[in-house]
Amino acid sequence: MEISEKFEKYAALLREWNGRMNLVAPSTLSEIESRHFDDSAQLAEYIPHDASVIDLGSGAGFPGVVLAILGYNVTCTESVAKKTGFLMELKRELGLSNLTIFHGRVEDYLKKHRISADRQSPTVFTARAFAPLIKILDMVFPYKNRLFLLKGRQILDEIRTANAKYDFGYELFPSKTGDGFVAEIYDLRIC
């Protein structure tokens, strides 16, 4: 199946499943491609293609499933069973052998799997509409890997809040699909 066909099938499955459960706001169903797919896909401009991606709180698969369709090795973490079911259906229907689904909390996944910043191929964390920056950093701190987050206009406030506990480097790239940012976080340390 071609990439474009996978995205078409993804959109159809999202519309179908959204009728049964609230995966995305119904008002965004008419703009799945720009609002969800393109927003998620912009991360591919920043993440090394040989990276392993751990998507935090994947929900309807943004950005994790989109990155898997684009060829990344991705693990989607999701604690809500219904959403995990949707992710499993996407994996099966789209033939994504490079996608792993973990049903459980992010912290549980990270405890079970040894994630190291020293691996030959880097591991990066991604998230979209998941949690405030400080909570994300609390979850991933021991692993000190790079993060690529899709964040809204309040990211500078979130950075100031996080700087009370953590010191880190960051770069903000204006979103190509809205008024938010792609935030790259690196060199994470306790203050």
Side-chain angles (χ1 to χ4, degrees), residues 24 35-36 38-68 70 72-80 83-84 87 99-191:
V24 297
R35 180 83 180 258
H36 300 296
D38 293 347
D39 189 45
S40 297
Q42 69 182 316
L43 290 180
E45 293 181 35
Y46 306 103
I47 299 174
H49 205 73
D50 66 339
S52 293
V53 176
I54 300 173
D55 189 35
L56 310 173
S58 298
F62 307 121
V65 173
V66 171
L67 292 172
L70 296 176
Y72 287 89
N73 288 315
V74 177
T75 298
C76 286
T77 63
E78 178 54 55
S79 63
V80 177
K83 292 178 182 178
T84 302
L87 295 171
L99 178 64
T100 301
I101 310 298
F102 178 79
H103 175 233
R105 295 171 47 82
V106 170
E107 299 89 338
D108 296 334
Y109 176 82
L110 295 174
K111 285 178 191 169
K112 283 181 134 177
H113 300 82
R114 296 178 78 51
I115 309 299
S116 169
D118 302 326
R119 291 173 44 170
Q120 197 166 18
S121 66
T123 298
V124 300
F125 295 104
T126 60
R128 178 180 185 248
F130 176 58
L133 180 60
I134 186 74
K135 286 187 168 197
I136 293 172
L137 297 182
D138 286 343
M139 289 177 195
V140 305
F141 172 73
Y143 308 97
K144 297 182 174 58
N145 296 71
R146 289 168 53 203
L147 294 94
F148 294 89
L149 310 173
L150 293 161
K151 295 300 256 173
R153 289 174 287 165
Q154 305 303 322
I155 185 60
L156 289 175
D157 293 335
E158 291 187 41
I159 288 170
R160 279 191 283 280
T161 300
N163 279 149
K165 183 173 182 180
Y166 296 105
D167 185 27
F168 52 88
Y170 69 90
E171 287 191 55
L172 299 178
F173 306 98
S175 173
K176 293 180 166 67
T177 61
D179 57 0
F181 295 90
V182 172
E184 179 183 2
I185 309 291
Y186 52 89
D187 294 337
L188 182 60
R189 303 175 294 284
I190 292 280
C191 288

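Every value quoted in this text rests on a predicted model; they were computed, and no experiment measured them.
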* Begin from the C-alpha positions of Phe125 and Leu149 and carry the test side chain to side chain contact (heavy atoms under 4.5 Å, CB included) through to its verdict. => CA-CA 8 Å; Phe125 295 104; Leu149 310 173; 5.7 Å; no

* To do: Would you sort out whether Leu99 and Val74 count as a side chain to side chain contact (heavy atoms under 4.5 Å, CB included), showing the intermediate values?
  => CA-CA 5 Å; Leu99 178 64; Val74 177; 4.0 Å; yes

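For Arg153, the side chain to side chain contact (heavy atoms under 4.5 Å, CB included) partners are Asp179, not counting sequence neighbours. Evaluation of the salt bridge (charged side-chain N to carboxylate O under 4.0 Å, His left out) rule for Asp187 yields no partner, not counting sequence neighbours. Every salt bridge (charged side-chain N to carboxylate O under 4.0 Å, His left out) that Asp157 has, sequence neighbours left out, goes to Arg160. A search for side chain to side chain contact (heavy atoms under 4.5 Å, CB included) contacts involving Thr100 returns Thr75, not counting sequence neighbours. Scored by the side chain to side chain donor-acceptor pair (under 3.5 Å) test, Gln42 finds Asp39, Ser175 as partners (sequence neighbours excluded). Residues meeting the salt bridge (charged side-chain N to carboxylate O under 4.0 Å, His left out) test with Asp38, sequence neighbours left out: none. Shown here are the salt bridge (charged side-chain N to carboxylate O under 4.0 Å, His left out) partners of Glu107, two or more places apart in sequence or in another chain: Arg105.
If you take CD1 on Ile101 and NZ on Lys83, they are separated by 14.0 Å, rounding to the nearest 0.5 Å. In this structure, OH on Tyr109 lies 15.5 Å from OG on Ser79, to the nearest 0.5 angstrom. The NZ atom of Lys151 lies 12.0 Å from the CG atom of Leu156; values are rounded to the nearest 0.5 Å.
Screening residues 169-191 for ring-ring contact (aromatic ring centres under 6.0 Å, His included), with sequence neighbours left out, gives Tyr46-Phe173.
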For residues 53-68, which side-chain donor-acceptor pairs fall under 3.5 Å, sequence neighbours excluded?
from, atom 1, to, atom 2, distance (Å)
Asp55, OD1, Thr126, OG1, 2.8
Asp55, OD2, Ser58, OG, 2.8
Asp55, OD2, Gly64, N, 3.1
Ser58, OG, Asp55, O, 3.4
Ser58, OG, Thr77, N, 3.4

Just distance, no hydrogens or angles: give the donor-acceptor pairs under 3.5 Å from side chains in residues 132-142, sequence neighbours left out.
from, atom 1, to, atom 2, distance (Å)
Asp138, OD1, Lys165, NZ, 2.9
Asp138, OD1, Tyr166, OH, 2.6

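Leu147 places none of its side-chain heavy atoms less than 4.5 Å from the side chain of Phe168.
A donor-acceptor pair under 3.5 Å is absent between the side-chain atoms of His49 and the main chain of Tyr72, judged by distance alone.
The two residues Ser40 and Leu150 have their closest heavy-atom pair at CA-CD1, 4.0 Å.
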